Amino acid sequence: MPELPEVETSRRGIEPHLCNQKITAIIVRNRQLRWPISVRLQKEATASTINAVRRRAKYLLIDTSQGCIIIHLGMSGSLRMIDNKVPAEKHDHVDIVLSSGQALRLRDPRRFGAVFWTKNDPLKHLRLKDLGKEPLEDALTAEWLYGQSRNRKRAIKSFIMDSKIVVGVGNIYACESLFLAGIHPNKPAGKLSMQRWEKLTHAIKDVLSKAIKQGGTTLKDFTRSDGQPGYFARQLTVYGREGKPCKKCGETLKKITQGQRSTFYCSQCQK
DNA sequence: CGAGCAACCTGCATGC
DNA sequence: TGCATGCAGGTTGCTC
């Protein structure tokens, strides 16, 4: 159930185990993910060498000497490093087996995730080419968001979750960011003042980077077969806390539905 | 442009 | 114990 911090935490966890390794085999037990896994993946990536593990939005990019493996974890995907003798369990769909004797194993019960293979620039891939700004990069500024939001009537929550604008702000962190910035989730994006955009931009960067930092400390060993690599305890202020008191003012937190997703907020703190 | 909805799929909590 | 229901951290793509 990964949002951007989980994906970045996964990236950091697997990177040292993957870099400079040769891929000796790719085992696909079930190709039917969000999009079917191409047979070319096994044919063309086997025997290649891994050069780097990058991230763009919630996509992991495994650069190899022959092309790039693009992985999205969807709602329920997780990655871990395993000893390649460890038997696969029910939802373990893909193993990327390495010369070290380890393998990168993808588990995804709901199969909303995806694995793509491309020989071209992965950033030009159909699923990546129209993605918006990275929230943690300096290029994402309040000024830019303010400009993008002018004359837009969409609810602010749906606006910041739009991956054509800014990537990586999932349902949890959208709720948390809006609370931190004191902005009502239904506020039309185009009506936010520059000052409030500054607060919100800061809140988004703050919430995401703190979650990554926390993931980094909680996630010590990505190679163990127990535990749940990629997941870590979150300290949430509003998400999932409807009916409970606001940690700031004590008001009972509310839950509404926006675009088929649950939104949690405090009607006192967020206007 | 944007709201609303269905779709992809499985697991889990809840209530009867 | 079984069964039905509703919900879940993502994303695409359609209609109106």
Side-chain angles (χ1 to χ4, degrees), chain A residues 1-11 29-37 55-60 70-79 88-94 106-116 125-132 135 147-179 185-191 204 207-208 210-212 214-215 218-219 228-243 255-265:
Chain A
M1 313 145 206
E3 290 207 24
L4 185 139
E6 287 83 342
V7 178
E8 177 59 22
T9 298
S10 297
R11 191 195 67 75
R29 299 183 190 83
N30 189 348
R31 328 202 147 264
Q32 301 308 310
L33 303 188
R34 179 76 161 85
W35 288 276
I37 299 173
R55 178 187 61 74
R56 171 73 172 110
K58 293 173 188 165
Y59 292 92
L60 284 169
I70 304 172
I71 299 177
H72 195 290
L73 298 175
M75 289 273 256
S76 58
S78 62
L79 291 168
E89 292 179 38
K90 195 173 179 188
H91 300 294
D92 294 340
H93 306 311
V94 179
L106 170 68
R107 174 175 296 183
D108 186 1
R110 290 178 75 180
R111 289 190 278 127
F112 285 1
V115 179
F116 303 118
H125 189 276
L126 179 64
R127 299 292 155 207
L128 281 74
K129 66 184 178 62
D130 295 320
L131 291 172
Q148 291 294 307
S149 65
R150 290 311 88 185
N151 301 321
R152 302 289 293 268
K153 289 166 189 159
R154 296 176 74 177
I156 184 65
K157 187 200 177 209
S158 137
F159 186 81
I160 60 171
M161 286 182 73
D162 184 345
S163 62
K164 290 195 199 69
I165 307 284
V166 53
V167 300
V169 184
N171 203 31
I172 292 177
Y173 295 112
C175 293
E176 296 292 317
S177 300
L178 287 167
F179 174 78
N186 261 332
K187 176 101 182 161
K191 287 200 168 174
I204 290 170
V207 161
L208 291 177
K210 276 190 180 143
I212 291 172
Q214 224 192 328
T218 309
L219 180 64
Q228 283 293 304
Y231 297 81
F232 49 90
R234 292 194 189 83
Q235 32 179 346
L236 301 174
T237 53
V238 287
Y239 186 87
R241 297 192 63 245
E242 84 271 23
K255 172 177 165 178
I256 56 173
T257 299
Q258 292 179 288
Q260 303 162 271
R261 310 294 297 275
S262 294
T263 299
F264 304 86
Y265 72 103

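Chain naming here is simple, since letters A, B, ... match the order of the sequence lines and numbering starts at 1 in each. These figures come from a predicted structure and were not determined experimentally.
- Atom-to-atom, CZ of Arg261(A) to P of dG6(C) comes out at 19 Å; the value is rounded to the nearest Å.
- Look at NZ on Lys157(A): it is 16 Å from C1' on dG2(B), rounded to the nearest Å.
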(request) Treat primed atoms plus P, OP1 and OP2 as sugar-phosphate and everything else as base, then score nucleotides 6-11 of chain B 5' to 3': B for base contact with protein heavy atoms under 4.0 Å, S for sugar-phosphate contact only, - for none. (result) B-BBBS
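- Within the structure, every side-chain polar atom (N or O) of His72(A) is placed at least 4.0 Å from both OP1 and OP2 of dG10(C).
- A donor-acceptor contact shorter than 3.5 Å links the side chain of Arg150(A) to the backbone of Gly190(A).
- Counting all heavy atoms, side chain and backbone alike, Ser262(A) lies closest to Cys175(A) at O-SG, 4.2 Å.
- Residues forming a salt bridge (charged side-chain N to carboxylate O under 4.0 Å, His left out) with Arg29(A) (at least two apart in sequence, or on another chain): Asp95(A).
- A heavy-atom distance below 4.0 Å to DNA chain C is reached by none of the residues of residues 147-155 of chain A.
- Rounded to whole Å, atom C1' of dG10(C) lies 8 Å from atom CE of Met161(A).
- Side-chain contact between Arg56(A) and Ile70(A) is absent, with no heavy atoms from C-beta onward closer than 4.5 Å.
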(message) Would Leu79(A) and Leu60(A) count as a side chain to side chain contact (heavy atoms under 4.5 Å, CB included) here? Give the steps.
(response) CA-CA 11 Å; Leu79(A) 291 168; Leu60(A) 284 169; 3.4 Å; yes
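- Note: CZ (Arg55(A)) to C1' (dG10(C)) measures 15 Å, nearest angstrom.
- Between Arg111(A) and Gln32(A) the shortest heavy-atom distance is NH1-O, 2.8 Å.
- Rounded to a whole angstrom, the distance from the C1' atom of dA8(C) to that of dA3(B) is 22 Å.
- Atom CH2 of Trp35(A) and atom P of dG10(C) are 14 Å apart (whole Å).
- Across the protein-nucleic acid pair, Ile156(A) atom CD1 and dA3(B) atom P stand 12 Å apart, rounded to whole Å.
- Atoms CG (Asp162(A)) and C1' (dT12(C)) sit 13 Å apart, rounded to a whole Å.
- Within the 3.5 Å criterion, the main-chain N or O of Ile37(A) finds a donor-acceptor partner in the side chain of Arg31(A).
- Side chain of Glu3(A) to main chain of Asn171(A): a donor-acceptor pair is present (N/O by atom type, distance under 3.5 Å, no hydrogens or angles).
- Applying the salt bridge (Lys or Arg N to Asp or Glu O under 4.0 Å) definition to pairs two or more places apart or across chains, those involving residues 154-168 of chain A are Arg154(A)-Asp162(A).
- The interatomic distance linking Lys164(A) (NZ) with dT11(C) (P) rounds to 12 Å, in whole Å.
- Taking side-chain N and O atoms only, Ser163(A) has no distance below 4.0 Å to OP1 or OP2 of dG10(C).
- Across dT11(C), dT12(C), dA8(C), the shortest atom-to-atom separation from the side chain of Arg127(A) is found for dT12(C).
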(request) State the dot-bracket string of DNA chain C. Criteria: Watson-Crick or G-U wobble, both atom distances under 3.5 angstrom; notation: ( ) intrastrand, [ ] crossing earlier pairs, | interstrand, . unpaired. (result) .|||||||.|||||||
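- When atom types are taken as modelled, the side chain of Glu176(A) and the backbone of Thr237(A) share a donor-acceptor pair closer than 3.5 angstrom.
- dC7(C) sits 14 Å from dC5(B) when the P atoms are compared, rounded to a whole Å.
- Partners of Lys210(A) under the salt bridge (charged side-chain N to carboxylate O under 4.0 Å, His left out) rule, at least two apart in sequence or in another chain, are Asp206(A).
- Judged by distance alone, with hydrogens and angles left aside, the side-chain atoms of Arg241(A) form no donor-acceptor pair with the main-chain N or O of Gly243(A) at under 3.5 Å.
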